[in-house]
Amino acid sequence: MVTTEHENRQTGSESVDIVGRSRHFARRLAAADGALAAAAEEGAAIAAIVAPLGLGPRLAAAALLYPLVRAGAAAPELAEGPLAELAGPVGELVQLSRFRLPPDWQPGEALAVSQSEALRKMLLALVSDPRLVVIRIAEQLHRIRGARDGAAHEQRALALETREIFAALANRLGIWQLKWELEDLALRILEPAQYARIARALNEKRAEREAIIEELTRVFAAELADNGIAAEVTGRPKHIYSIWRKMQRKGRDLSRIFDMTALRIQVDSVRDCYAALGVVHNRWSWLPGEFDDYIANPKQNDYRSLHTAVIGPAGRVVEVQIRTHEMHRQAELGVAAHWRYKEGVGPSAAFDRKISLVRRIFEPTGDDRDLLEQLRGELFEDRVYAFSPKGDVVEMPAGATPLDFAYHVHTAIGHRCRGARVNGRIVPLTYKVKNGDRIEIITGKEEQPSRDWLSPQAGYLASPRSRTKVRSWFRQQDRDQNRKQGREILERELARIGFKDVAIDTIAERLHQGDVDALYTALGAGDVTPAALARVLQQMRGDAQEPVLPPAKPAARQGRAGRLVVRGVDDLLWHLARCCRPVAPEDIVGYITQGRGVSIHLCDCGNFRHLQSAHPERVIEVEWGEAAEATWPAELVIRAYDRQGLLRDIVGVLADEKVGVTASSTRTDRRRLEATIELEVAVPGLAALSRVMSRLEQLPNVTSVKRGSA
């Protein structure tokens with residue numbers, strides 16, 4: 001048993017002395033005040049329950065005294081007398097003794113899994129020394145042992161509290177000798193008929209069953225030793241609650257439960273596991289359908305073991321588990337922890353680590369004297385637990401505030417939060433919640449979060465989850481503004497790259513937005529970026545990749561393979577029409593001119609439509625070819641308020657994007673101080689053109705950037 005440095009310095013006589021002095025002190029108080037006699041008896045009973053657990057003399061003495069303090073005894077000895085060192089643990093035990101299920105909880109209704117889990121975590125988080133929780137578990141056992149004299153509804157409430165909170169916690173901490181009695185006594189109250197039926201079926205007293213287990217252990221160990229297998233054989237009779245749970249879980253009648261008597265065989269290697277299985281099956285008849293190989297096929301939580309059931313000595317059915325020592329350690333303290341399998345609780349790596357640390361306290365060891373100090377620094381340092389007015393436990397990150405609490409309870413309560421009371425006292429919203437605080441949120445009629453809540457420096461919210469809810473509220477409030485801005489962004493992007501007659505609902509679908517309205521809102525809120533919009537527009541033109549075409553030249557060029565493909569007509573001269581300046585991968589069409597070959601137009605070019613209506617026979621199909629390092633000419637018209645360095649900044653953007661300038665002209669209106677800059681540039685494709693125009697538009701004094709035509 002790990003103890004504190006103070007306890008390690010005590011001699012044996014001093015250890016006995018503090019327990020003896022505490023016992024004498026309790027008797028003296030009970031003799032002086034008859035009203036304290038019951039509390040003194042309770043303290044003695046609790047101390048007797050925890051005595052075999054080796055909690056140490058200091059905590060054993062605290063277990064003796066705290067029922068007296070809880071009952072109202074406040075003797076000077078516990079404040080500054082010879083027992084003053086017990087004041088701390090006794091005070092924490094009194095706090096734990098007040099721990100009850102929510103006041104509005106109705107006897108007969110089980111707690112939600114998440115709520116009972118939070119209550120168990122909170123019990124461990126409330127105290128500096130987790131061994132004090134063991135004393136609280138022992139107190140619960142004492143209470144349920146004497147519950148037969150209480151009213152029926154009180155018995156049922158106590159039994160549910162015992163089963164859902166304290167028995168499960170004893171299971172997690174590995175305190176089996178308390179766990180099974182808590183569960184059995186709770187079952188006797190909650191399911192009296194089932195309890196009596198199982199008890200009759202067992203037809204043996206527990207002591208007799210334990211004697212049978214001892215005999216079976218000896219016989220199995222001898223059989224394995226005779227076959228040269230070094231094994232540790234242990235066993236225990238299944239208690240009544242465990243049998244009942246298996247009946248419920250597997251949907252079986254009592255006659256089909258074969259593991260009411262169980263043995264566990266631990267060996268050194270996987271090979272020895274299967275060798276031991278062979279010995280057991282050769283020596284005793286095994287039951288078909290009761291063999292499971294969780295070594296070859298581990299459970300989802302990585303639990304590994306061999307399970308079988310055999311007809312053992314005297315015709316008794318015995319369940320046998322075979323595993324290595326390492327598998328056993330992993331099942332007890334690792335990711336396949338027994339308590340998680342029994343309770344059906346999902347994995348939590350951080351909580352697993354903390355439970356493992358707590359359980360190490362109950363292992364006999366002579367070193368690790370600073371383990372308790374380590375626990376004080378690490379146990380639940382990242383979480384804090386508080387009560388709602390109804391008694392529900394809310395788990396939050398360390399440093400949480402009443403405002404975090406409000407958002408954890410319900411988003412609407414957080415939005416309407418105007419203030420908070422903690423333990424009946426008004427506190428600021430930046431108050432840091434402590435374990436066990438009872439918090440009441442003061443709300444207004446209207447939802448009205450403050451943007452100050454989003455500032456980490458202001459200290460209103462510690463939880464990222466809470467801040468996300470506040471941001472969502474403001475985003476929803478800004479929806480109309482976002483919708484308007486999003487429409488402007490889309491129209492500007494379409495005008496920038498020269499798209500016309502585009503189906504907006506198709507764009508929304510491609511960007512995974514429900515409808516056009518959702519698209520506008522997402523664009524305005526920044527959830528969909530202009531770059532993503534440009535990519536989708538490019539895909540809608542039939543090519544999701546950057547175009548790769550040969551360098552463009554102002555002069556007409558001849559179509560060849562790998563350049564521009566002219567369907568149906570080969571070896572024709574062609575040139576890009578200056579009226580629309582198409583850029584790959586925009587949809588294009590060809591028109592056969594008189595003497596200048598084929599002119600290439602955008603499909604929606606106005607000039608082309610006029611030519612097509614006059615001479616439809618000259619229209620031919622063309623498409624972009626494939627080649628590396630392609631660039632195509634495009635004309636840009638930039639309007640801006642004139643300033644020094646404007647042209648230098650524009651050229652800098654083009655240089656950064658590796659876009660060449662083939663022609664430029666500038667006109668300046670001196671009266672209005674406005675400049676119009678026309679550029680002919682060579683760009684690799686449509687997406688690059690959109691990116692360049694976006695960057696130019698962000699330059700100081702630039703008012704618009706559009707594609708031009710001659």
For Arg425, salt bridge (Lys or Arg N to Asp or Glu O under 4.0 Å) partners two or more places apart = none
Test log, rule side chain to side chain contact (heavy atoms under 4.5 Å, CB included), inputs Glu697 and Met693 | CA-CA 6 Å; Glu697 206 170 45; Met693 294 175 70; over 6 Å; no
So, do Thr443 and Ile413 sit near enough that their side-chain heavy atoms are less than 4.5 Å apart?
-> yes
So does Phe474 have more than 12 non-hydrogen atoms from other groups sitting under 6.0 Å from CZ?
-> yes
Does the Arg421 side chain pair with the main chain of Glu440, one donor and one acceptor, at a distance under 3.5 Å?
-> no
From Leu429 atom CG to Cys417 atom SG, the distance as rounded to the nearest 0.5 Å = 4.5 Å
Note, His601 side chain near Ile588 side chain (heavy atom, < 4.5 Å) | no
Take Leu679 and Glu635 through the side chain to side chain contact (heavy atoms under 4.5 Å, CB included) test and state the conclusion after the steps.
-> CA-CA 6 Å; Leu679 300 175; Glu635 292 186 359; over 6 Å; no
Identified side chain to side chain contact (heavy atoms under 4.5 Å, CB included) counterpart of His408 within the set Glu395, Lys469, Arg465 | Arg465
Side chain of Thr668, backbone of Arg670: donor and acceptor closer than 3.5 Å?
-> no
For Val470 and Pro449 the tightest heavy-atom approach is CG1-CB, 4.3 Å
Heavy-atom distance under 4.5 Å between the side chains of Gln485 and Asn482, does that happen here?
-> yes
Pairwise side-chain contact, Thr411 with Trp473, heavy-atom cut-off 4.5 Å (strictly under) | no
What distance separates Ser664 OG from Leu647 CG, expressed to the nearest 0.5 Å?
-> 7.0 Å
Asp642 side-chain N/O to Leu673 backbone N/O, donor-acceptor pair under 3.5 Å = no
Minimal heavy-atom distance between Leu646 and Ala640, with the atoms involved, is CD2-CB, 3.8 Å
Taking all heavy atoms of Gly590 and all of Val622, pick out the closest pair and write down the distance.
-> N-CG2, 3.6 Å
Start with the C-alpha gap between Tyr520 and Ile504, add the side-chain angles, then the distance that decides, and say whether side chain to side chain contact (heavy atoms under 4.5 Å, CB included) holds.
-> CA-CA 10 Å; Tyr520 291 150; Ile504 308 301; 4.1 Å; yes
Can you establish whether the number of heavy atoms outside Glu509 located under 6.0 Å from its atom CD is more than 12?
-> no
Counting N and O atoms only, with roles assigned by atom type, does the side chain of Asn423 sit under 3.5 Å from a partner on the main chain of Arg438, one being a donor and the other an acceptor?
-> yes
Nearest atoms (heavy-atom pairs only) where Val422 meets Pro402 = CG2-CG, 4.4 Å
With side chain to side chain contact (heavy atoms under 4.5 Å, CB included) as the test, would you mind laying out the steps for Gln448 and Arg418 before giving the verdict?
-> CA-CA 9 Å; Gln448 196 174 356; Arg418 299 294 178 269; 3.2 Å; yes
Is there a salt bridge (Lys or Arg N to Asp or Glu O under 4.0 Å) between Glu657 and Arg695 once you walk through the steps?
-> CA-CA 10 Å; Glu657 295 290 340; Arg695 289 195 58 183; 3.2 Å; yes
In terms of heavy-atom contacts, does CZ of Arg416 have more than 12 from other residues, nucleotides or ligands at under 6.0 Å?
-> yes
Side chain proximity check, Leu689 to Leu636, heavy atoms < 4.5 angstrom = yes
What pairs with Arg671 under salt bridge (Lys or Arg N to Asp or Glu O under 4.0 Å), at least two apart in sequence or on another chain?
-> none
Quickly, which of Leu519, Asp517, Leu523 forms a side chain to side chain contact (heavy atoms under 4.5 Å, CB included) with Arg483? Name it, please.
-> Asp517
Could you tell me whether the side chain of Ile638 reaches within less than 4.5 Å of the side chain of Val702, counting heavy atoms only?
-> yes
Glu678 and Arg667: salt bridge (Lys or Arg N to Asp or Glu O under 4.0 Å), yes or no, with the steps?
-> CA-CA 9 Å; Glu678 296 179 355; Arg667 299 190 307 276; 3.2 Å; yes
Nearest atoms (heavy-atom pairs only) where Tyr407 meets Ser466 = CB-OG, 3.7 Å
Do the non-hydrogen side-chain atoms of Arg639 and Val637 ever get within less than 4.5 Å of each other?
-> yes
Any side-chain donor-acceptor pair under 3.5 Å between Asp404 and Tyr460?
-> no
List the atom of Ile439, the atom of Pro389, and the distance in Å for their closest heavy-atom pair.
-> O-CD, 3.1 Å
Side-chain donor-acceptor pair under 3.5 Å between Tyr591 and His615, yes or no?
-> no
Do other residues, nucleotides or ligands put more than 12 heavy atoms under 6.0 Å from Glu617 CD?
-> yes
Donor-acceptor pair, side chain of Arg467 and main chain of Leu461, under 3.5 angstrom = yes
Please walk me through it: do Asp649 and Arg643 pass salt bridge (Lys or Arg N to Asp or Glu O under 4.0 Å)?
-> CA-CA 11 Å; Asp649 292 345; Arg643 63 175 175 83; 2.7 Å; yes
